[in-house]
Protein chains: 2
Amino acid sequence: MSRTAVSAKDVAELAGVSRAAVSRCFTPGASISPETRARIVKAAEQLGYQVNRLASGLIRNETGLVALIVSDMATPYRSHLLAALTEAVQQAGKVALLIKTDRSDGSAEQALRQAISYRTDAAIFLSGMPARSLAETCMRNGMRLVLINRDEDRPGALQVRLHDAEAGRRAVAVLRAAGCRRLALASSGVGTHSISERERGFREAATAAGIDWIEERFGSTSYQTGQDLGMALLSRRDRPDGVFCATDLLACGVMDVARWRLGIRVPDELSLIGYDNIAQAGWDSYGLTTFSQPVDEMAAKSVEWLSAMAANDDGDDGAGTARAEILFMPRLVLRGSVAQGFVPGVGR
Amino acid sequence: MSRTAVSAKDVAELAGVSRAAVSRCFTPGASISPETRARIVKAAEQLGYQVNRLASGLIRNETGLVALIVSDMATPYRSHLLAALTEAVQQAGKVALLIKTDRSDGSAEQALRQAISYRTDAAIFLSGMPARSLAETCMRNGMRLVLINRDEDRPGALQVRLHDAEAGRRAVAVLRAAGCRRLALASSGVGTHSISERERGFREAATAAGIDWIEERFGSTSYQTGQDLGMALLSRRDRPDGVFCATDLLACGVMDVARWRLGIRVPDELSLIGYDNIAQAGWDSYGLTTFSQPVDEMAAKSVEWLSAMAANDDGDDGAGTARAEILFMPRLVLRGSVAQGFVPGVGR
DNA sequence: AGATTGATTGCACAGCTGTGCATGACAATT
DNA sequence: AATTGTCATGCACAGCTGTGCAATCAATCT
């Protein structure tokens with residue numbers, strides 16, 4: 001009947017002990033005798049008691065909450081990364097607070113403010129970027145920041161990145177080895193750091209090899225944009241025969257337009273490479289050669305770093321760990337979307 | 001330097017007012033003069049103050065947290081639903097607590113316990129199911145429960161369901177109208193309520209029409225299972241020419257096996273119908289006829305119900321609202337995966 | 001036996017906020 | 001001018017937990 005939930009006081013009364021004993025019962029390493037613990041546990045189960053982590057967090061300055069800040073979360077790559085992070089966070093005994101952002105201005109700020117208001121132990125940005133001043137406020141208050149595939153660095157935050165430029169370079173190598181003559185670059189117009197890096201690597205390698213290429217860059221990172229990019233690139237007179245797409249979603253769109261609207265055979269007349277290794281890239285309809293991000297490992301390392309930072313909170317003001325960065329290498333996944341040819345031993 | 005975050009006391013000191021004034025400043029409808037509010041807002045911005053919702057929730061018995069409990073969240077349909085719910089929750093001024101479950105026993109219980117420990121205002125189950133006793137404990141403590149596409153009902157919880165059986169029936173009608181002679185049902189072996197209902201509708205309609213059909217049911221609800229189902233169904237001597245798949249993911253697997261491994265033309269030799277209307281169903285490679293769930297509307301109505309329940313918390317003990325259910329009708333989306341034919345006016 | 005050690009338990013406080021109650025100031029009304 | 005009403009503000013308490021400190025108690029040692 002009472003609208004309020006059962007508290008430690010109720011358990012204490014039922015078990016005939018002090019409220020402090022109940023607290024110690026659920027605090028690892030606290031001093032409590034086995035028999036009273038047994039009594040308390042029994043009473044707690046009977047009442048359905050769960051320690052109130054709000055009150056606990058209030059006094060311990062550690063809520064066990066980790067904010068995951070993300071946009072476009074229904075996208076294959078994003079949802080995969082989100083799942084991995086949630087799993088890792090839970091494995092570490094914490095819980096994920098999910099905050100969705102959009103493209104609008106100040107959306108990331110708004111999200112971070114939400115995280116602060118719940119006194120989150122950490123915030124992990126999968127997209128967007130908080131203003132520098134607000135980020136510093138977070139750090140000063142003891143909140144950890146992790147930035148995944150973000151560009152500008154915030155001192156004290158962990159940067160989780162991939163060697164995107166290297167992937168762009170390898171894409172050129174693979175396409176050339178497949179015998180492609182006219183290369184193209186298909187990318188969205190969002191201008192994210194990681195996407196820009198993929199473009200840069202592609203251009204560098206093409207320039208270094210002394211070959212010409214064409215580009216199309218517009219729209220968001222979606223299947224629809226992929227279709228439009230494919231239409232723009234493949235209806236040209238000097239149609240390319242090897243395209244590197246900044247994203248698997250784009251590549252799927254390009255491939256579908258080629259096959260189903262323009263009647264171009266893949267990979268006989270057109271070789272395609274994507275990036276992300278989303279589930280659909282492995283489906284029979286696509287068989288897309290792409291670069292795989294070690295999503296699980298990225299998530300695990302991020303959370304690991306958070307725990308490590310929490311462990312050595314002994315007086316250092318974070319200045320010593322000003323620059324933390326983990327760099328992963330995207331792994332080439334060869335499938336049927338690239339024409340058969342000699343693939344150079346680019347391994348290392 | 002101080003590890004602890006800025007509190008209302010700090011703001012009050014800077015603004016030269018009492019701490020209570022700061023609290024009132026951020027409480028809508030509280031009595032406070034415009035000039036002191038201005039002073040407080042200025043001081044708060046200067047210090048980067050955000051109201052501590054943990055402490056606020058502690059005293060108001062309303063944390064603003066809504067737990068989303070889900071498994072297989074990287075799946076297209078699930079991630080779509082998850083995104084819609086997160087969006088709806090945020091629109092209502094609340095924040096989503098994301099809890100991932102797996103197939104293991106007691107996983108749902110564990111998740112619900114997590115939700116309780118954070119004194120979540122509500123818990124929304126997208127998969128899994130808590131034990132009845134634990135669910136009742138939640139309700140008694142004032143936590144609202146929403147079950148999406150779940151079978152057993154928990155008194156007091158909101159049931160959000162679709163008319164799955166009707167979809168199964170319509171699938172038979174559409175396949176027959178397309179001229180299919182040998183129907184088949186492809187489903188996973190998970191035995192979820194909603195999936196069982198789709199199967200039931202299919203069988204009922206086929207039986208009523210007096211036609212025979214074949215079935216395959218095994219595995220999880222994945223693309224891979226779809227491939228295996230397709231292989232099992234389509235390599236038979238009496239190969240079916242019209243298949244209703246309990247899920248789009250399954251349908252994609254079936255279609256790919258048909259096209260790319262068995263050389264069966266879709267829709268000329270094989271008509272396919274799925275369920276969920278995931279993004280890939282609309283891609284050129286699939287063009288899958290399917291049933292669309294009004295995901296956004298489902299999310300909006302769920303959160304709306306939560307707010308309504310919170311509003312009339314005036315002494316009623318929930319017994320009056322024992323049975324709440326919202327039933328949605330899946331919408332048929334016609335695409336190219338079904339052979340051209342006369343589609344009966346099943347509207348209504 | 002007496003002293004010491006160790007474990008266990010209860011008291012009380014801190015951590016941060018919302019709000020009822022009382023007080024004070026000020027405007028409006030008779 | 002006196003009274004009434006409104007509004008703003010501060011005090012103090014409640015809500016739930018973790019933990020330092022003192023006290024109690026049993027057990028062990030000399």
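Chain identifiers are assigned alphabetically (A, B, ...) following the order of the sequence lines, protein sequences preceding nucleic acid strands; residue numbering begins at 1 within each chain. A quick note: this is a predicted structure, and the numbers were derived from the prediction, not measured.
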J.: Is there any salt bridge (Lys or Arg N to Asp or Glu O under 4.0 Å) pair reaching into residues 41-70 of chain B, and which pairs are they, with sequence neighbours excluded?
T.: B/Glu62-B/Lys94
J.: Under the rule for salt bridge (charged side-chain N to carboxylate O under 4.0 Å, His left out), what residues qualify as partners of B/Glu109, not counting sequence neighbours?
T.: none
J.: For the helix from C/dA1-D/dT30 to C/dT30-D/dA1, what angle separates the axis at the start from the axis at the finish, each from five pairs, in steps of 10°?
T.: 40°
J.: Tell me, please, which residues at least two apart from B/Ser31 pass side-chain hydrogen bond (donor to acceptor under 3.5 Å, both in side chains).
T.: none
J.: Can you sort out the partners of A/Gln46 under side-chain hydrogen bond (donor to acceptor under 3.5 Å, both in side chains), two or more places apart, ordered by chain and number?
T.: none
J.: Can a side-chain donor-acceptor contact be found between B/Gln293 and B/Tyr77 if the only test is distance below 3.5 angstrom?
T.: yes
J.: List for me each residue that meets salt bridge (charged side-chain N to carboxylate O under 4.0 Å, His left out) alongside A/Glu136, sequence neighbours excluded, and say none if there are none.
T.: none
J.: Listed by chain and number, what are the side-chain hydrogen bond (donor to acceptor under 3.5 Å, both in side chains) partners of A/Asp296, not counting sequence neighbours?
T.: none
J.: Treating primed atoms plus P, OP1 and OP2 as sugar-phosphate and everything else as base, which nucleotides of nucleotides 11-21 of chain C get B, S or - for protein heavy atoms under 4.0 Å?
T.: BB-BBBBBBB-
J.: Checking A/Phe26 now: which residues fulfil ring-ring contact (aromatic ring centres under 6.0 Å, His included) with it, not counting sequence neighbours?
T.: A/Tyr49
J.: Among residues two or more places apart or on two chains, list those pairs meeting salt bridge (Lys or Arg N to Asp or Glu O under 4.0 Å) that have a residue in residues 8-28 of chain B.
T.: none
J.: Pull out every residue in residues 28-36 of chain A that has a heavy atom closer than 4.0 Å to any atom of DNA chain D, ordered by number, or say none.
T.: none
J.: Could you list the donor-acceptor pairs under 3.5 angstrom formed by side chains in residues 122-131 of chain A, with sequence neighbours left out?
T.:
from     : atom 1 : to      : atom 2 : distance (Å)
A/Ser127 : OG     : A/Ser71 : N      : 2.7
A/Ser127 : OG     : A/Ser71 : OG     : 3.2

